[in-house]
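All chains are named by letter (A, B, ...) in the order of the sequence lines, taking the proteins before the strands, and each is independently numbered beginning at 1. The figures here come from the full heavy-atom set of this structure, side chains too, leaving out hydrogens, waters and symmetry mates.
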Amino acid sequence: MPPLDVRKIEEEVREYWRKKGVPAKWRAPSGGKLFSFLEGPPTANGYPHVGHLRGRVYKDFVLRYYRMLGYDVWAQGGWDEQGLPVEVEVEKKLGVRTKREIYERIGLERFVEECNKLVDYYLEYWKKYATEMIGLWLDLDNAYETRRGRYIEYVWYVIKRAWERELLYEGYRVLPFCPRCETALSDAEVDMGYEEKESPSIYVKFKVEGGDGEYLLVWTTTPWTLVDNEAVAVHPRAEYCVMAVGGERWYVARNLAERVAQELGLESWGCVEVLEGLRLRGMKYEHPLANEIPLHADHHDAHRVLDAEFVSLEEGTGLVHIAPGHGPEDFELGVRHGLPVTSTVRIDGVFDERAGVFGGLSVDGASKLVVEILSKKGLLVKCGRIVHRYPHCWRCGTPLVYRADRQWFMAMSLLREDLLKALDSVEVFPRVHRNRFESWLASVKDWTISRSRIWGTPLPVWRCSEDPNRILVIGSVEELKRYASKLPDVDDDRLVHRPWIDSVELRTSDCSRWVREPFVVDVWLDSGVAWIASVDGLRNRELFERLFPYTFITEAVDQTRGWFYSLIAASVIDRGVAPYRQVLIQGHVLDKFGRKMSKHLGNVVYAEEAIKKFGADPLRLYLLSRYPPGDSFMFDPDEVRKVSTSALNIVWNVFRFAAMYMDLDGFSPRVHELSKYLGRLSIEDEWILSRVNTVTAEFADLMVRYEVNRAVQLLMDFAVEDLSRTYLKLVRPRVWSEESDDRFVVYAALYYVLKRLLKLLAPVVPHFSEALWIRFVKHFEPDEAESVHLTRAERADERMRKPQLEETFRRALRIAEMLASLRNRMGIKIRWPMREAVVIAEEEVLRQLEPLRSVVARLSNVKSMVLAADPSVCQSGEYESAQEGGIVACLLKSVDRDLYMEALAREVVRRVQVMRKEMNLGVAELIEVAIDSDSEDVTAAVSRFRDYIAGEVRASEVRIGVPRDGYLVKAWDIEGSTTRIGVRRPPSSGERIPGTTITRDEEAGG
RNA sequence: GGGCCCGUAGCUUAGCCUGGUUAGAGCGCCCGGCUGAUAACCGGGAGGUCCGGGGUUCGAAUCCCCGCGGGCCCA
């Protein structure tokens, strides 16, 4: 086996999968229980980044895991292709600034074609870098697409169901609009777009009617809303004071008076009268812009003081200006008091002609003019700036405008109980995220599903032109065609889109002409019907019934108010239950400083870049293991290599080591079955066999709770700590020894462990595991499955598990560490053997440690390992000792002549090994060694340990004397001596070793 | 204004639910060692008022209260 080259093996493995059609075989049902997964469709817009990869890696990991447990997995892909995100980008591409331009300059047909083209473009990208390249085996050939006619029908279907249940209604309501995109936004969308914004902060005097120099002082950050002002609100139970300012009387909340005075820079003022808010109720005032906006002259009942609980006494003046057309609370208050709901702002954020002098101005332009006019009139007390959090369009960043308009709604507030009940049947991971979801559902509001856009599912609502109160809701294409008196000649995928749908005319027996409401549907409802639309569920009823409700979904935490909600909402509307059983809510991926990834900051790590740089499996390992799934993930590129690549390297080399010796000795797992050697196991064999089964069991426990990071860490710790660092270190001498067939015991145990490890790793690092499956398992068992991913996972074999042994082993390893620490303190290398180590502990502990004496002795390189209960044993000055947790470990300090000789021999061995490596010799190749030292001790040691040295370095001859021609010679410093060591292949072995025939006596080494 | 979560070494974190050895890792840093799979690795060391204060308790990183700081969500 070659050294690990991650990207190369990934490429090979991808090719292997493609050639053998492994993913399709993996997805093919085999009669097991069903694990149905529902793909949260990525928006086909923008390039995937590591945040997307995190989610997709979880999906793949979970699916592979369950597939290996014997489940049939349903792994259909899906794409979210419509909506504002796509439109916004197409507008940029076409250089369009307003919606009107789309209609007039571009034309809807071309615009929709461009949307389709853009989707196609990004789809290819997502298929490659966010799917294929990371080994995600979703079925993309049969992926659902929200732009298809067959899909859109289900959005219609659910809307019609809502209509039948009287949950669909149209209403007049104040909503946030994006003036640039010219559409309303849902609550969830508003949530996504809060940003800092600098706004004007103005204090305005409203002149009290009939009062002499009496004013209501109001504060606002949106001067333009004063255009549609209809009232002023006060808190009914707050105290208000009358401030005397330069001969005028201003009404201000008492609590805020001091602050307001400061803010306005008033030098002398006094609170001359205090009265309760309720006493202000009914006071009439003059609209400050009455002259500029004629329509206010007709609002006889308006422009008065009302009381409202929502009035804030924390900021402003305690008197709130009310524009029922521009604030949700204002709207409710206005409706309650019969005020006119004035909204002279059009959907594009420009005032219409009713706004008098403000007609034709944008809201910002109007704000400036308002300030100017009020200033001239002497009604502007102060005009400052303020930075506050304000909602912006989540797609294009434009500040939102609240205005009243007619829209269509789903009456979700009526379904609160049903939603909560549905959620009861859902397992939410991690648990902490459940609260959020629950509280969102508990306070859910009606859902504005209409959007004034183009590239989306058309709202299937038609109005009778003869009687506007009559509504017809269409639930399928078939139904549409049944009522159609005029149909454009296009395929269904087009028919269900604007502009074609707009030319459809319907006729029924009771109405000759139905006209479609000019809206499209909120995209969240598109993806929200995926549970049925993805499989065309009404036509494929049997399949649908098997899948529903889906076993598992997972997305990031922002989808709580997005997809997780829209799925459960649509499903509850149609059938009253949740469409999924388990939901794993992931945290977001941030940059390494914990900042959000954004184009603006330039800190986005894109999928393509990351995969090319690190390889898919190191990235997967890192994403799966570094943080708990529900936590934010601080992505640090430097860590990927450190954490993942090195671990994979170790695992790879464990397999290399095993393969090398197994091959050398002609090991065959079929001939040398583990069962034959069970009676001959060494203690460390028993231990590693126990460990691998314990890890298997613990892994499964963690997976039940989706504690993915801990599960994966557990595996890697086992591979690196237990298997590589401990087990292989212990068994190396047994593998080298040719005296008995004990090495086959090691091979049998090791093979068992490695094969199990591979299966455990397969869902984590699928390419890497497959490469080892092919190179290692299929090498020794050619008739094994063609892919590790098509095999069944092994269950933990409880008969192999020995918890007490594992516990004691851990203690023994700790003792070996303590001894290493003692050596470190004494300055004696591990290479040098020591005469005796003593462990002092309680009888019970000693009894358990007894079988592990040789393990500790080998790891610590001591001749004799003494267990003693009597603490006095090593209290003499002859011992160096350390103590921890009731155990004392000590080491006999003296190095006698025999030990010294042995140590020198080992020093020689080590030098020869280095030279073997330099000569690139195979592990089995024999050599001849000649040693010439100016130290009598070294010479004596070589002579005395000649056989030992020969065995260790695989030499057919160890000669004392000057190396001759044909030897590679190096001069080494061994314990102050100059020792020249010559190494060569035996002449009988044939050809010369290139570059090693020249004797270089003077070369210094070591 | 309300809700939820978090605060442990320079950085990233485990432990907290279920109180009990000397608070455990990884990275980085310093010193040493090992190396017939590994451009790998191993050992040791320095570095912690477990955010602050109060309480409960024989005993608190852990449970309770208050405060400070941060994040997310809702209004």
Side-chain angles (χ1 to χ4, degrees), chain A residues 1-4 187-188 190-192 194 310 312-315 328-329 430-440 442-445 557-558 560-561 587-588 590 592-594 596 625-628 630-636 638-639 641-643 645-661 664 709-710 713 716-717 720-721 724-726 728-729 732-733 735-736 816-832 859-861 882-886 906 909-910 912-917 919-925 927 951-955:
Chain A
M1 271 171 66
L4 176 62
D187 287 348
V190 173
D191 279 348
M192 283 183 257
Y194 271 90
F310 64 74
S312 165
L313 296 167
E314 300 290 322
E315 57 177 7
E329 290 172 322
R431 287 201 65 85
V432 284
H433 282 311
R434 190 189 184 91
N435 301 336
R436 292 246 176 110
F437 201 175
E438 223 162 43
S439 61
W440 164 260
S443 63
V444 74
K445 297 203 207 85
V557 62
D558 53 303
T560 307
R561 281 149 189 77
H588 282 124
L590 311 169
K592 67 171 172 178
F593 304 110
K596 228 164 112 172
S625 66
R626 186 66 182 89
Y627 291 96
D631 285 15
S632 292
F633 193 114
M634 288 186 253
F635 188 92
D636 183 349
D638 294 333
E639 274 194 340
R641 212 171 266 120
K642 274 181 213 145
V643 176
T645 319
S646 72
L648 290 179
N649 222 337
I650 292 173
V651 176
W652 182 266
N653 283 315
V654 169
F655 281 85
R656 268 181 91 185
F657 173 89
M660 181 190 295
Y661 288 104
L664 219 53
N709 63 314
R710 300 183 69 171
Q713 282 167 21
M716 296 318 291
D717 280 354
V720 172
E721 297 288 341
S724 175
R725 283 181 198 159
T726 308
L728 288 195
K729 191 171 176 183
R732 250 180 208 178
V735 168
W736 300 332
E817 279 179 8
M818 289 164 75
L819 292 172
S821 169
L822 290 178
R823 278 177 174 273
N824 196 53
R825 211 191 292 162
M826 296 188 295
I828 299 177
K829 304 170 192 175
I830 292 188
R831 200 186 298 149
W832 287 44
L859 289 173
S860 310
N861 195 17
Q883 193 230 321
E884 185 185 281
R906 288 195 61 156
V909 166
R910 147 116 173 89
V912 176
Q913 301 292 24
V914 170
M915 293 175 71
R916 276 191 72 111
K917 194 164 188 174
M919 292 165 73
N920 285 323
L921 294 177
V923 285
E925 280 185 88
I927 54 171
E952 288 291 300
V953 304
R954 229 184 146 68

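Each of Ser724(A) and Val720(A) was matched to the nucleotide of RNA chain B holding its nearest heavy atom; the match closer to the 5' end belongs to Ser724(A). Taking for each of Met818(A) and Trp652(A) the nucleotide of RNA chain B with the nearest heavy atom, the 5'-most of the two is the partner of Trp652(A).
Atom name C1', nucleotides rG1(B) and rC11(B): the rounded distance is 36 Å, in whole Å. Only the P atoms considered, rC29(B) is 16 Å distant from rG10(B), to the nearest whole Å. Rounded to a whole angstrom, the distance from the C1' atom of rU21(B) to that of rA40(B) is 35 Å. Between the P atoms of rG3(B) and rU62(B), the separation comes to 23 Å (whole Å). Nucleotides rA37(B) and rA23(B), compared at atom P, are 40 Å apart to the nearest Å. Across the P atoms, rG43(B) and rC27(B) are found 11 Å apart, a figure rounded to whole Å. Going from the C1' atom of rC17(B) to that of rA60(B) covers 15 Å, rounded to whole Å.
Taking atom CZ of Phe657(A) as the reference point, atom P of rG36(B) lies 11 Å away to the nearest angstrom. Separating the CG atom of Leu859(A) from the P atom of rC41(B) is a distance of 19 Å, rounded to the nearest angstrom. Taking atom CD on Glu721(A) and atom C1' on rG24(B), their separation rounds to 13 Å, with Å as the unit. Per the geometry, CG belonging to Asn653(A) stands 4 Å off C1' belonging to rU38(B), to the nearest Å. Met660(A) places its CE atom 17 Å from the P atom of rU35(B), with the value rounded to the nearest Å. Atoms CG (Asp717(A)) and P (rA25(B)) sit 12 Å apart, rounded to a whole Å. Between the CZ atom of Arg656(A) and the C1' atom of rG36(B) there is a distance of 13 Å, given to the nearest Å. Rounded to whole angstrom, the span from the CZ atom of Arg732(A) across to the P atom of rU35(B) amounts to 9 Å.
Phe633(A) CZ to Leu590(A) CG: the interatomic distance, rounded to the nearest 0.5 Å, is 10.0 Å. Here Met660(A) contributes atom CE and Phe655(A) contributes atom CZ; the two are 14.5 Å apart, rounded to the nearest 0.5 Å. Once rounded to the nearest 0.5 Å, the distance linking CZ of Arg710(A) with CG of Asp717(A) reads 11.5 Å. Separating the CD1 atom in Ile927(A) from the CZ atom in Arg916(A) is a distance of 5.0 Å, to the nearest 0.5 Å. Here the NZ atom belonging to Lys596(A) is positioned 11.5 Å from the OG atom belonging to Ser632(A), to the nearest 0.5 angstrom.
Looking at residues two or more places apart in sequence or on another chain, you find a side-chain hydrogen bond (donor to acceptor under 3.5 Å, both in side chains) between Glu721(A) and Arg725(A). With sequence neighbours excluded, the residues forming a ring-ring contact (aromatic ring centres under 6.0 Å, His included) with Phe657(A) are Tyr661(A), listed by chain and number. With sequence neighbours left out, Asn649(A) forms a side-chain hydrogen bond (donor to acceptor under 3.5 Å, both in side chains) with Asn653(A).
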Report all interatomic pairs (protein N or O, nucleotide N or O of nucleotides 12-17 of chain B) with separations under 3.5 Å.
from: rU12(B); atom 1: O3'; to: Tyr627(A); atom 2: OH; distance (Å): 3.1
from: rU12(B); atom 1: O2'; to: Arg626(A); atom 2: NH1; distance (Å): 3.3
from: rU12(B); atom 1: O2'; to: Arg626(A); atom 2: NH2; distance (Å): 2.2
from: rU12(B); atom 1: O2'; to: Tyr627(A); atom 2: OH; distance (Å): 3.1

Atom pairs under 3.5 Å, N or O on each side, protein against nucleotides 2-5 of chain B: can you list them with distances?
from: rC4(B); atom 1: O2; to: Arg436(A); atom 2: NH2; distance (Å): 3.4

Give me the distances for all protein-to-nucleotides 31-34 of chain B N/O pairs that come in under 3.5 Å?
from: rC34(B); atom 1: OP1; to: Arg831(A); atom 2: NE; distance (Å): 3.2
from: rC34(B); atom 1: OP1; to: Arg831(A); atom 2: NH2; distance (Å): 2.8
from: rC34(B); atom 1: OP2; to: Arg831(A); atom 2: NH2; distance (Å): 3.0

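Donor-acceptor pairing under 3.5 Å, judged by distance alone, is absent between the side chain of Ser443(A) and the base of rA75(B).
Of the nucleotides present, rG10(B) is the one that pairs with rC27(B) by Watson-Crick or G-U wobble criteria, both distances under 3.5 Å. Pairing for rG19(B) is absent, judged as Watson-Crick or G-U wobble with the two contacts each under 3.5 Å. As the counterpart of rC4(B), rG71(B) is assigned, both hydrogen-bonding distances of the Watson-Crick or G-U wobble pattern falling under 3.5 Å. When Watson-Crick and G-U wobble pairs are counted only if both distances are under 3.5 Å, rG36(B) pairs with no nucleotide at all.
Within the 4.5 Å cutoff, the side chain of Arg656(A) has heavy atoms near those of the Trp652(A) side chain. Considering only heavy atoms from C-beta on, Arg906(A) comes within 4.5 Å of Asn861(A) through its side chain. Looking only at side-chain heavy atoms (C-beta outward), Lys592(A) and Asp638(A) come within less than 4.5 Å of each other. When side chains are defined from C-beta on, Val557(A) counts as touching Thr560(A), because their heavy atoms get closer than 4.5 Å.
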